> 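First, the structure itself, so that you have it in front of you.
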Amino acid sequence: MLAVGDQNYPLCLLDTMAVSEMVKRPQGAFRHFLEWSHAGQTPFVPGFTVYTLIELRRKPELFQQFIEQFHPFPCVLLKGYMELLAEEAASYPDPSQIDPCSIAFTPLGDEGNLLSNLPRILELPEIAMQEEEWNKAGPEIVDGMVSLVQNYRPAGATYTPEETRQFVSMASLQQLAYHDHVELIQRVHGDGEAVDMDAFPTLKAMTYTVFHKFYADHNRKPSNSDAFDVLIAALLPYVEAFITENHQTEVLRKTKRRDNFLGGLQVFTLRDFRDAPPIATVHSSRA
C-alpha cells in the first residue's frame, strides 16, 4: 500500500516485460491497464523496482519513452530487497508495518515529477556504480544458482511438498545469515526458539522463485534475466497486484498452492490486458 495522508492506495508492481510492453503499445496494454487500475473505488498505483530501471536503461530510447509515458500519472519506485530485508530484521517478528515505497512520483509540479527527477536520480554516482555492478552480476548470479541445484536433489522423480518447504526454509535462513543478520539468528536461538521465517516474506518470495525456476523445472533453460526476476519477487509480499510474464505467473501459482503468504496477491500476464482490461476485483490490505 501507498499511504497518502489518511488514504491507502493499492500498489501494482510491473516487471520489466510489462513496462516494456506498455511503453511499446500505449493504445493497447497501457490503456487497458489504466482502465483496470482506475475501475475500483481506490485506484491502483503502478510501481516498479530499480532492477527494472536498470534493464530499461540498456535501451536508452525505450527508457526515455517509459519516462514520458508514465510521468503524467502517480507512480512509485519501490525499495530493493536488501532494504526490505533489513527492515524485516529490525521489525522481527512482525513485518506488517513495513512500507515498501522508496520514492513516490507525482505529475504535479517539478518536485517529485518523474520526468524531471528520475534521470537525475539515476545519474548520482552511487546509483550509477550500483547499476554497473548489477549489470555485470546478473550472469554470475544465475550461474551460481544453477551450480547449486545438484546439491539439493529430490529423493524421487519430483520434489515432494515437504522437500519444497524444507528448501525454502533452509535457503531463506542461509540468506538471512549471508546478509549479515547472524546476530539476530543467534539471539533467537539463544532464547531457545527457531527463527520464524514467516517474518521474512521477502526471502520467502525470492526463495520460492529460485526453487521453481532452477530446481523444480528441469526442462527449462535458465536465462540471465532470471536474476532480476528473483530480485523483483522480493516486493511481492508488499504489493496488491503484479503484472509479469507467463513463467513467473506459473511460479506464483505453484507458490500460492504451497504457502498462503501471497494469498491476497492478484497476478496478471500481459495477455490479460491485450484486448480489454481484466475485470476489477475488490482489493484488501496486505497486512
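As the structure is a computational prediction, the values presented were derived from the model and not from experiment.
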> Are V182 and D180 side-chain neighbours, meaning at least one heavy-atom pair lies under 4.5 Å?
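A side-chain contact is absent here, since even the closest heavy-atom pair is not under 4.5 Å.
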> Hey, what do you get for NZ (K204) to OG (S172), rounding to the nearest 0.5 Å?
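If I round to the nearest 0.5 Å, the distance is 8.0 Å.
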> Which atom names give the shortest non-hydrogen contact between L14 and P46, and what distance separates them?
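Reported closest heavy-atom pair: CD1-CB, 4.0 Å.
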> What distance separates L77 CG from L53 CG, expressed to the nearest 0.5 Å?
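Nearest 0.5 Å value for the CG-CG distance: 6.0 Å.
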> Take the angle between the ring planes of F33 and W36 and call it parallel below 30°, perpendicular above 60°, tilted in between.
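Tilted.
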> If two hydrophobic side chains count as joined below 4.5 Å and joins carry through other members, does I141 share a cluster with L203?
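Unlinked, I141 and L203 end up in two clusters.
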> When you measure from the side chain of Q69 to the backbone N and O of M22, does any donor-acceptor pair fall under 3.5 Å?
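Yes, the answer is positive, given that a donor and an acceptor are paired below the 3.5 Å cut-off.
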> Could you tell me if the side chain of N246 sits less than 4.5 Å from the side chain of R271, heavy atoms only?
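Yes - at least one pair of side-chain heavy atoms lies under 4.5 Å apart.
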> Does a side chain donor of either T244 or T249 reach within less than 3.5 Å of an acceptor in the other side chain?
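No - no donor-acceptor pair under 3.5 Å links their side chains.
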> Taking it one step at a time, do Q266 and E240 satisfy side chain to side chain contact (heavy atoms under 4.5 Å, CB included)?
CA-CA 6 Å; Q266 299 182 54; E240 285 65 47; 5.7 Å; no
> With a 3.5 Å cut-off and sequence neighbours excluded, list the donor-acceptor pairs that the side chains of residues 143-152 form with protein atoms.
from : atom 1 : to   : atom 2 : distance (Å)
S147 : OG     : G144 : O      : 2.7
Y152 : OH     : E163 : O      : 2.7

> Membership question, hydrophobic clusters at under 4.5 Å side-chain separation (ILVMFWY): are F214 and Y208 in the same one?
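Yes, same cluster.
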> Taking side-chain contact (heavy atoms from CB on, under 4.5 Å) as the definition, give me every residue that meets it alongside K59, ordered by chain and number, with sequence neighbours left out.
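Applying side-chain contact (heavy atoms from CB on, under 4.5 Å) to K59 gives L62.
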> Is there side-chain contact between T202 and Y238, with at least one heavy-atom pair below 4.5 Å?
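Heavy-atom side-chain distance check passes, below 4.5 Å.
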> Can you confirm whether L13 sits close enough to I243 that some side-chain heavy atom of one is under 4.5 Å from a side-chain heavy atom of the other?
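The answer is no; the side chains never approach within 4.5 Å.
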> Listed by chain and number, what are the ring-ring contact (aromatic ring centres under 6.0 Å, His included) partners of F70, not counting sequence neighbours?
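With neighbours one apart ignored, the set is F30, F66.
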> For M82, is the CE atom crowded, meaning more than 12 foreign heavy atoms sit under 6.0 Å from it?
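No, because the 6.0 Å sphere around CE of M82 holds 12 heavy atoms or fewer from other groups.
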> Should the heavy atoms of other residues, nucleotides or ligands under 6.0 Å from CD of Q7 be counted, would the total exceed 12?
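Counting other residues, nucleotides and ligands, CD of Q7 exceeds 12 neighbours.
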> Going only through I, L, V, M, F, W and Y residues with side-chain contacts under 4.5 Å, is there a path from L173 to F211?
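The answer is no; the residues belong to distinct hydrophobic clusters.
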> If the condition is side chain to side chain donor-acceptor pair (under 3.5 Å), which residues does E35 pass it with, not counting sequence neighbours?
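Counting only residues at least two positions away or on another chain, E35 forms a side chain to side chain donor-acceptor pair (under 3.5 Å) with R31.
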> Could you give all pairs that pass the side chain to side chain donor-acceptor pair (under 3.5 Å) test and reach residues 184-197, with sequence neighbours left out?
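Sorted pair list comes back empty.
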> I'd like to know whether F44 forms a ring pair (Phe, Tyr, Trp, His ring centres under 6.0 Å) with Y9, so could you lay out the CA-CA distance, the side-chain angles of the two residues, the decisive distance to 0.1 Å, and finally the verdict.
CA-CA 6 Å; F44 279 84; Y9 294 89; over 10 Å; no
> Given side chains that start at C-beta, do those of D217 and V251 come closer than 4.5 Å, heavy atoms only?
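When only atoms from C-beta onward are counted, V251 and D217 do not touch, as no gap falls below 4.5 Å.
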> Does anything in residues 83-104 pair up under ring-ring contact (aromatic ring centres under 6.0 Å, His included), and if so which pairs, sequence neighbours excluded?
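For residues 83-104, and leaving out neighbouring residues, the ring-ring contact (aromatic ring centres under 6.0 Å, His included) pairs sorted by first residue read Y92-F200.
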> State whether the side chain of T158 and the backbone N or O of P154 hold a donor-acceptor pair below 3.5 Å, judged by distance alone.
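Such a contact is absent between T158 side chain and P154 backbone.
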> Look at the side chain of H181 and the backbone N and O of A177, then say whether any donor-acceptor pair between them is shorter than 3.5 Å.
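Pair absent, no side-chain N/O of H181 close to backbone of A177.
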> Decide yes or no on side chain to side chain contact (heavy atoms under 4.5 Å, CB included) for L56 and V19, but give the supporting numbers first.
CA-CA 9 Å; L56 290 176; V19 171; 3.7 Å; yes
> Return the minimal non-hydrogen interatomic distance between T255 and H212, and the atom names on each side.
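Closest approach of T255 to H212, heavy atoms only: OG1-CD2, 3.6 Å.
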> Between F273 and F268, is the ring centroid distance below 6.0 Å?
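They qualify: ring centres under 6.0 Å apart.
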> Would you please name every residue forming a salt bridge (Lys or Arg N to Asp or Glu O under 4.0 Å) with K79, sequence neighbours left out?
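Here the qualifying residues are E87.
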> Quick check: closest heavy atoms across P95 and D198, and the distance to 0.1 Å?
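Shortest heavy-atom contact: CG-O, 4.5 Å.
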> How long is the span from the OH atom in Y51 to the OG1 atom in T16, to the nearest 0.5 Å?
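Spacing of OH (Y51) from OG1 (T16) equals 11.5 Å.
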> In the structure I gave you, are the side-chain heavy atoms of F73 and S37 within less than 4.5 Å of one another anywhere?
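SC-SC contact between F73 and S37 ruled out.
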> Any heavy-atom pair between the side chains of E55 and S225 that's under 4.5 Å?
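Sidechains of E55 and S225: in contact.
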> Run the side chain to side chain contact (heavy atoms under 4.5 Å, CB included) test on L252 and F242 for me, step by step, so that the C-alpha distance in whole Å, both residues' side-chain angles and the decisive distance to 0.1 Å come before the verdict.
CA-CA 10 Å; L252 294 172; F242 183 38; 3.5 Å; yes
> How would you list all residue pairs meeting salt bridge (charged side-chain N to carboxylate O under 4.0 Å, His left out) that involve residues 12-24, not counting sequence neighbours?
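Pairs touching residues 12-24 that pass the test: E21-R25.
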> Between L265 and V267, is a side chain to side chain contact (heavy atoms under 4.5 Å, CB included) present by the stated rule, with each step listed?
CA-CA 6 Å; L265 178 68; V267 183; 3.9 Å; yes
> Hydrophobic clusters here meaning ILVMFWY residues chained together by side-chain heavy-atom distances under 4.5 Å, can you tell me if I98 and V50 are in one?
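Yes, I98 connects to V50 through the hydrophobic network.
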> So does V23 get a backbone contact from the side chain of Q65, meaning a donor-acceptor N/O pair under 3.5 Å?
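No, the answer is negative, given that no donor and acceptor are paired below the 3.5 Å cut-off.
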> Quick one: list whatever passes side chain to side chain donor-acceptor pair (under 3.5 Å) with R258, sequence neighbours left out.
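Residues passing side chain to side chain donor-acceptor pair (under 3.5 Å) with R258: none at all.
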> So, for L2 and A104, which heavy atoms are closest and what is the spacing to 0.1 Å?
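Nearest pair, atom of L2 first, then A104: CD1-CB, 4.4 Å.
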> Can you tell me how far the CG atom of L11 sits from the CE atom of M1, to the nearest 0.5 Å?
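Going from the CG atom of L11 to the CE atom of M1 covers 8.0 Å.
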> Got T269 and E245 here, is their nearest side-chain heavy-atom distance under 4.5 Å?
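Side-chain contact under 4.5 Å: no.
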> Closest approach of A205 and A233, non-hydrogen atoms and distance?
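Heavy-atom minimum between the residues: CB-O, 3.3 Å.
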> Report whether V195 and V168 are members of the same hydrophobic cluster (ILVMFWY, side-chain heavy atoms less than 4.5 Å apart, transitive linking).
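They do not share one cluster, since no chain of ILVMFWY contacts under 4.5 Å joins V195 to V168.
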> Does anything in residues 220-235 pair up under salt bridge (charged side-chain N to carboxylate O under 4.0 Å, His left out), and if so which pairs, sequence neighbours excluded?
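For residues 220-235: K213-D226, K213-D229, R220-D226.
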> Residues in side chain to side chain donor-acceptor pair (under 3.5 Å) with Y81, at least two apart?
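With neighbours one apart ignored, the set is H179.
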> Near E162 CD, under 6.0 Å, is it more than 12 heavy atoms from other residues, nucleotides or ligands?
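For E162, atom CD is crowded (more than 12 foreign heavy atoms under 6.0 Å).
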> Is there a donor-acceptor pair closer than 3.5 Å between any side-chain N or O of H71 and the backbone N or O of I67?
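Side chain of H71 to backbone of I67: no pair is present.
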> With E140, which residues qualify under side-chain contact (heavy atoms from CB on, under 4.5 Å), at least two apart?
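Once residues adjacent in sequence are excluded, E140 has no partner under the side-chain contact (heavy atoms from CB on, under 4.5 Å) criterion.
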> Please report the shortest heavy-atom distance between L118 and F105, naming the atom on each side.
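Here L118 and F105 meet closest at CD1-CZ, 4.0 Å.
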> How long is the span from the CG atom in L78 to the SG atom in C101, to the nearest 0.5 Å?
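Here the interatomic distance stands at 5.5 Å.
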